[in-house]
Amino acid sequence: MKFFVDTAEVSEIRSLAEAGLVDGVTTNPSLIAKSGRRMAEVIAEICALTPGPVSAEVTATEYDSMLAEGRYLREIAPNVCVKVPLTEAGLRTCRALSADGTLVNVTLCFSPAQALLAAKSGATFISPFVGRLDDIAYDGMQLIADILKIYRNYPHIKTEVLVASIRHPVHLVEAAKLGAEVATLPPAVIRQLLKHPLTDSGLAAFLADWRKTGQSIL
Ligand code: E4P
């Protein structure tokens with residue numbers, strides 16, 4: 001399973017990349033706003049940190065301007081993946097950009113039918129939002145299962161399921177059990193994945209015993 005990091009904070013991406021945990025990055029207008037930086041500048045910096053896809057989202061809502069924004073964003077770096085919303089204009093833009101070989105992530109997916117449309121439009125990635133569905137008492141992980149089942153019925157579909165709006169480690173583990181190709185994770189969730197109390201107590205015991213030997217390795 002590929003791990004994308006869901007943030008526009010360059011320092012977070014850099015340290016996770018150094019641990020080999022970054023296969024790509026997703027941003028959205030809210031994350032860019034939170035970074036307080038110019039979008040083109042921050043996307044260029046992120047693209048230099050990872051060879052994997054870096055999603056940069058358009059903000060226009062009409063086809064012509066959305067396509068122009070997508071064409072601008074893809075010039076920032078070869079690994080930019082243009083992110084478009086799951087609207088008719090978004091799907092038209094997806095179709096036009098992917099026909100040129102541009103990576104496209106179709107975002108804000110909340111139903112299997114929407115995911116099927118994105119695949120037909122040539123999306124590289126479909127981003128179903130599990131956490132936001134859970135928030136309104138729908139089963140977000142069931143959406144992932146449904147999309148994967150549908151896509152697997154049609155082997156010509158190459159669109160990858162990019163599980164988004166992940167809020168905690170159980171989301172990630174369930175998505176991996178279902179075989180989703182990609183998960184995008186906030187840095188805090190990646191750090192939660194590391195944690196286990198038996199790792200902490202086991203390490204403390206090993207180190208205490210080691211100190212008793214009076215040895216040092218170097
Ligand atoms: C994915 O690309 C989105 O940026 C993100 O996962 C949304 O997550 P949220 O619902 O926690 O805002």
Side-chain angles (χ1 to χ4, degrees), residues 1-10 12-13 16 21-37 39 42-43 46-47 49-50 52-61 66 69-70 73-74 76 79-87 90-91 93-94 97-98 102-111 114-115 118-119 121 123-144 147-148 159-176 178 180-193:
M1 181 184 225
K2 287 173 275 191
F3 274 28
F4 289 1
V5 189
D6 199 26
T7 186
E9 295 302 328
V10 171
E12 295 267 34
I13 298 164
L16 291 166
L21 299 176
V22 180
D23 299 310
V25 174
T26 51
T27 67
N28 62 38
S30 304
L31 293 171
I32 297 287
K34 197 170 156 202
S35 78
R37 301 188 54 196
M39 181 178 183
V42 78
I43 294 292
I46 295 171
C47 286
L49 289 176
T50 173
V54 174
S55 289
E57 188 163 341
V58 299
T59 54
T61 54
M66 209 184 265
E69 287 185 357
L73 291 170
R74 74 180 177 189
I76 294 174
N79 54 332
V80 164
C81 175
V82 177
K83 202 176 190 188
V84 299
L86 213 156
T87 60
L91 294 184
T93 305
C94 172
L97 291 175
S98 53
T102 303
L103 300 174
V104 182
N105 176 359
V106 177
T107 190
L108 291 166
C109 171
F110 294 95
S111 80
Q114 287 180 316
S121 299
T124 317
F125 301 105
I126 181 67
S127 288
F129 279 37
V130 293
R132 293 192 194 190
L133 277 174
D134 288 355
D135 289 345
I136 58 160
Y138 280 81
D139 183 352
M141 208 48 65
Q142 186 58 49
L143 173 61
I144 303 303
I147 296 171
L148 287 167
T159 303
E160 295 190 359
V161 177
L162 192 172
V163 182
S165 190
I166 285 183
R167 302 278 169 76
H168 50 69
V170 174
H171 275 151
L172 185 270
V173 172
E174 291 301 317
L178 290 169
E181 288 87 358
V182 194
T184 189
L185 302 142
V189 174
I190 297 182
R191 296 206 170 85
Q192 281 178 296
L193 295 170

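Start at 1 and go down the list; that is how both ligands and their atoms are numbered.
Nearest approach of Glu181 to Val161, heavy atoms of both residues: OE1-N, 2.9 Å. Smallest separation of non-hydrogen atoms from Ser35 and Ala8: CB-O, 3.9 Å. Scanning all heavy atoms of the two residues, the minimum distance from Ser55 to Ile43 falls at O-CD1, 4.2 Å.
In terms of N/O distances under 3.5 Å, ligand 1 is not approached by Asn105. For ligand 1, the polar-atom distance check finds an N/O of Asn28 within less than 3.5 Å of one of the ligand's N/O atoms. Close N/O approach between Asp6 and ligand 1 is found [any backbone or side-chain N/O within under 3.5 Å]. In terms of N/O distances under 3.5 Å, ligand 1 is approached by Ser165. Among the atoms of Arg132, some N or O lies under 3.5 angstrom from an N or O of ligand 1.
Taking every non-hydrogen atom of Thr26 and a distance limit under 4.0 Å, the qualifying atoms of ligand 1 come out as 2 (O). Which parts of ligand 1 touch Ala164 is read off a 4.0 Å heavy-atom cut-off, strictly below it: atoms 1 (C), 6 (O).
Of the protein's heavy atoms, Lys83 NZ, 2.6 Å lies nearest to atom 2 (O) of ligand 1. In this structure, the protein non-hydrogen atom closest to atom 11 (O) of ligand 1 is Arg167 NE, 3.4 Å. Nearest non-hydrogen protein atom to atom 7 (C) of ligand 1 is Phe129 CE2, 3.6 Å.
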Under the side chain to side chain contact (heavy atoms under 4.5 Å, CB included) criterion, do Val130 and Leu143 qualify, and how do the steps go? CA-CA 8 Å; Val130 293; Leu143 173 61; 5.8 Å; no

Show your working on side chain to side chain contact (heavy atoms under 4.5 Å, CB included) between Met39 and Thr59 and close with a plain yes or no. CA-CA 11 Å; Met39 181 178 183; Thr59 54; 5.8 Å; no

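In this structure a side-chain-to-backbone donor-acceptor pair under 3.5 Å is missing from Thr159 to Ile126.
Residues Val80 and Leu103 are not in side-chain contact: their nearest non-hydrogen atoms beyond the backbone lie 4.5 Å or more apart.
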